[in-house]
*Asks:* 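Please read through the structure below; I'll follow up with questions.
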Amino acid sequence: MSNVIRLPRPRALRPTPSRLGYYLRVGRNEHREVAHILGEGERAYLGLVIDAPHAHRHRELVTEASRIGLDVVLDPKTQPAALVGGFSESLGGLPWHSGRQSVLSDFKGLEGQRRAAAIAKFASDRGFSAVLAPTHIISGAEDPWFEADLSVAAALKRMLPSNVAVFYSLAVSMQVLRDSAARQRIVEGLRRVDVDALWLKVENFGADATGEKVRAYIEALAEFHSLDIPIISDHVGGIPALSLVAFGAAGGVSHGVMVLEGFRASSWRRPPSGNPRTPPHRVYVHALDMLVSRAQAEALLNHSTRVKGQHACRNPSCCPRGARDMLEQPVRHYLYSRAREIEALGAIPHSMRVQHLMERVVRPRSDAVASAAALGVADNRLAATLQDRHIAMGRLRGALSNLAETFEPRSIAQLPLSRPQREER
């Protein structure tokens with residue numbers, strides 16, 4: 001046998017290493033761009049999140065994502081459907097809604113069981129490998145919606161095949177997250193339901209969070225580690241997202257394509273006014289950790305040759321033509337750049353991630369924002385935005401630096417299982 005050369009096992013047969021969870025929420029019109037980068041070999045994601053009203057529109061993306069081993073997560077959109085400004089005709093037409101805004105009785109007793117069955121059938125029929133449990137925004141463990149949601153989540157888990165995961169979506173305010181007693185009561189409630197991961201959405205927290213909020217979020221998540229399941233910070237992007245995983249508070253993050261990098265439900269609580277408009281795509285300036293309009297990006301890049309050299313994308317795999325591709329293909333540039341940020345952090349041993357965050361992400365971006373704010377760009381709105389960003393980034397850097405010096409984690413968040421890992425169990 002000494003002359004036998006053993007070839008590497010095919011990739012599909014090799015053990016899948018655990019890694020940081022990165023989930024992308026795919027909007028109504030973003031399926032083609034996402035499918036395109038998956039076809040090019042992008043593998044930073046553990047899964048894609050598809051809104052139930054778009055399931056048919058995204059059916060080819062669901063098939064392709066499943067083929068390459070990604071989780072395809074169904075969002076039943078029960079949270080907005082229970083609020084006056086969040087409900088829409090498209091949500092009302094889903095099998096688990098009744099053509100109107102949801103009320104508590106819809107998710108209690110037999111009605112709740114019926115809705116769990118409808119979601120389970122919808123997910124199974126359309127090839128979803130995971131489902132966000134049909135939950136609602138709660139004001140605490142005493143909120144009657146919480147008890148109903150726990151019951152429906154448990155029923156959904158029983159009704160789905162064993163290879164389909166259930167992720168519990170907990171949506172709370174920052175005030176609740178800060179309250180230790182409130183957190184403990186919520187954790188005790190969550191112990192009663194068998195789910196595969198906890199996805200946490202915190203109102204008014206996201207990519208623009210202050211350093212003080214990031215610190216409070218990181219410290220609060222330690223309470224949830226006792227559930228012994230992975231925790232995903234949902235609707236979080238930018239440096240706050242990287243901070244949550246670097247400090248070991250969360251095992252992964254989820255956000256949309258240039259949107260849903262923060263969770264705000266205020267518009268759901270107000271009666272709708274006019275037709276909602278899809279915002280135009282912005283341009284991601286990586287070195288500043290900022291999303292700006294195309295006109296503002298052009299104003300910045302054309303300020304000088306030196307500025308263009310500093311801020312134009314120089315990754316040939318992303319933007320072979322540099323600034324031109326960055327401006328003409330902003331979605332691709334955003335997807336590729338965000339994916340590399342998570343991938344780079346995940347490649348660092350956990351014990352060194354905070355150091356990497358501070359030295360390779362926070363400090364250079366803070367310095368770059370300070371330099372950009374001093375440029376005196378001609379676009380007055382961009383100049384004001386850069387000044388505001390400079391102040392906010394300085395404060396974030398200070399808070400994270402202090403946290404890095406003093407933080408002693410009681411526990412580290414579990415990493416989520418990939419679809420192949422889960423199905424091998």
*Asks:* Only one of Arg185, Gln184, Arg191 passes side-chain hydrogen bond (donor to acceptor under 3.5 Å, both in side chains) with Glu188; say which it is.
*Replies:* Arg191
*Asks:* Is the CZ atom of Arg324 crowded by more than 12 outside heavy atoms at less than 6.0 Å?
*Replies:* no
*Asks:* Heavy atoms, side chains only, cut-off 4.5 Å: are His54 and Val26 in contact?
*Replies:* no
*Asks:* Can you check whether Gly27's main-chain N or O pairs, donor with acceptor, with Glu30's side chain at less than 3.5 Å?
*Replies:* yes
*Asks:* Would you check if Arg158 and Gln113 make a side-chain contact, meaning some heavy-atom pair closer than 4.5 Å?
*Replies:* yes
*Asks:* Quick one: CG on Leu48 to CG on Leu74, what's the gap to the nearest 0.5 Å?
*Replies:* 13.0 Å
*Asks:* Keeping the roles fixed (side chain from Arg270, backbone from Gly85), state whether a donor-acceptor pair exists under 3.5 Å.
*Replies:* no
*Asks:* Below 30° counts as parallel, above 60° as perpendicular, anything between as tilted: where do the rings of Tyr45 and Tyr22 land?
*Replies:* tilted
*Asks:* Please report the interatomic distance CD1(Ile232) to CG(Leu244), rounded to the nearest 0.5 Å.
*Replies:* 11.0 Å
*Asks:* Can you name the one residue among Asp196, Val195, Leu190 that meets side chain to side chain contact (heavy atoms under 4.5 Å, CB included) with Ile229?
*Replies:* Val195
*Asks:* Among Glu223, Glu219, Glu212, whose salt bridge (charged side-chain N to carboxylate O under 4.0 Å, His left out) with Arg178 holds?
*Replies:* Glu212
*Asks:* Is the side chain of Gln421 donor-acceptor paired with the backbone N or O of Ser418 at a distance under 3.5 Å, no angle test?
*Replies:* yes
*Asks:* Do the two ring centres, one from His136 and one from Phe107, sit under 6.0 Å apart?
*Replies:* yes
*Asks:* For the side-chain hydrogen bond (donor to acceptor under 3.5 Å, both in side chains) test, which of Glu33, Glu42, Glu40 pairs with Arg332?
*Replies:* Glu40
*Asks:* State, with a plain yes or no, whether a side-chain heavy atom of Asp379 is found less than 4.5 Å away from one of Thr385.
*Replies:* no
*Asks:* Under the side chain to side chain contact (heavy atoms under 4.5 Å, CB included) rule, what do Phe263 and Val202 come out as? Steps first, then yes or no, please.
*Replies:* CA-CA 6 Å; Phe263 178 47; Val202 179; 5.8 Å; no
*Asks:* Is it possible for you to check whether Arg282 lies under 6.0 Å from the centre of the six-membered ring of Tyr284, through NZ or CZ, and within 45° of that ring's axis?
*Replies:* no
*Asks:* For residues Phe122 and Pro95, determine if any side-chain heavy atom of one lies less than 4.5 Å from a side-chain heavy atom of the other.
*Replies:* yes
*Asks:* Under 3.5 Å, is there a donor-acceptor pair between the side chain of Ser169 and the main chain of Thr135?
*Replies:* no
*Asks:* Is a side-chain donor or acceptor of Arg353 paired with a backbone partner of Ile348 at a separation under 3.5 angstrom?
*Replies:* yes
*Asks:* Quick check: closest heavy atoms across Leu177 and Arg183, and the distance to 0.1 Å?
*Replies:* O-NH1, 2.7 Å
*Asks:* Nearest 0.5 Å, please: how far is CG in Leu357 from OG in Ser401?
*Replies:* 9.5 Å
*Asks:* Which is it for Phe87 and His97 under the ring pair (Phe, Tyr, Trp, His ring centres under 6.0 Å) test, yes or no, and what are the steps along the way?
*Replies:* CA-CA 10 Å; Phe87 177 78; His97 291 142; 7.2 Å; no
*Asks:* Walk me through it: do Leu221 and Ser233 pass the test side chain to side chain contact (heavy atoms under 4.5 Å, CB included)?
*Replies:* CA-CA 10 Å; Leu221 277 190; Ser233 290; 4.2 Å; yes
*Asks:* Show the numbers, then the answer: is there a side chain to side chain contact (heavy atoms under 4.5 Å, CB included) between Thr78 and Val152?
*Replies:* CA-CA 12 Å; Thr78 51; Val152 175; over 6 Å; no
*Asks:* Check whether Glu261 reaches the backbone of His255 with its side chain - one donor and one acceptor, N or O, closer than 3.5 Å.
*Replies:* no
*Asks:* Can a side-chain donor-acceptor contact be found between Arg57 and Asn29 if the only test is distance below 3.5 angstrom?
*Replies:* yes
*Asks:* Which pair of non-hydrogen atoms, one from Pro420 and one from Gly69, has the smallest distance, and what is that distance?
*Replies:* CD-O, 3.3 Å
*Asks:* Mark yes or no for whether Trp199, through its side chain, and Leu132, through its backbone, hold a donor-acceptor pair below 3.5 Å.
*Replies:* no
*Asks:* Does Asp234 come within less than 4.0 Å of Arg25, counting only side-chain N to carboxylate O?
*Replies:* yes
*Asks:* Would you say Arg381 and Ser293 make side-chain contact, with heavy atoms under 4.5 Å?
*Replies:* no
*Asks:* Which atom names give the shortest non-hydrogen contact between Asp106 and Ser102, and what distance separates them?
*Replies:* OD2-CA, 3.5 Å
*Asks:* Contact between Ile68 and Arg43 at the side-chain level, heavy atoms closer than 4.5 Å - yes or no?
*Replies:* yes
*Asks:* In terms of heavy-atom contacts, does CZ of Arg264 have more than 12 from other residues, nucleotides or ligands at under 6.0 Å?
*Replies:* yes
*Asks:* Testing the basics here: between Ala116 and Met159, what is the closest heavy-atom pair and its distance to 0.1 Å?
*Replies:* C-SD, 3.7 Å
*Asks:* Compare every heavy atom of Ser411 with every heavy atom of Ala222, then report the nearest pair and how far apart it is.
*Replies:* O-OG, 4.2 Å
*Asks:* Tell me if a side-chain donor or acceptor on Asn315 pairs with a main-chain N or O of Ser317 at a distance below 3.5 Å.
*Replies:* yes
*Asks:* Ignoring hydrogens and geometry beyond distance, is a side-chain donor-acceptor pair present between Arg115 and Ser98 at under 3.5 Å?
*Replies:* yes
*Asks:* Rounded at 0.5 Å granularity, tell me how far CD1 in Ile50 sits from NE2 in His56.
*Replies:* 13.5 Å
*Asks:* Please confirm whether the backbone N or O of Arg59 pairs with a side-chain atom of Thr63, one donor and one acceptor, at under 3.5 Å?
*Replies:* yes
*Asks:* How long is the span from the CG atom in Leu345 to the CZ atom in Arg19, to the nearest 0.5 Å?
*Replies:* 13.5 Å
*Asks:* Hey, could you give me the CD/CE distance between Glu203 and Met174, rounded to the nearest 0.5 Å?
*Replies:* 12.0 Å
*Asks:* Is there a donor-acceptor contact under 3.5 Å from the side chain of Ser366 to the main chain of Val362?
*Replies:* no
*Asks:* Of the non-hydrogen atoms in Leu396 and Gly211, which two are nearest, and what is the gap between them?
*Replies:* CD1-CA, 3.5 Å
*Asks:* Kindly determine whether Cys313 and Tyr336 satisfy side chain to side chain contact (heavy atoms under 4.5 Å, CB included), including the steps that lead there.
*Replies:* CA-CA 11 Å; Cys313 181; Tyr336 195 90; over 6 Å; no
*Asks:* Would you find more than 12 non-hydrogen atoms of other residues, nucleotides or ligands less than 6.0 Å from Arg100 atom CZ?
*Replies:* yes
*Asks:* Consider only side-chain N and O atoms of His286 and Arg365, and report whether a donor and an acceptor are under 3.5 Å apart.
*Replies:* yes
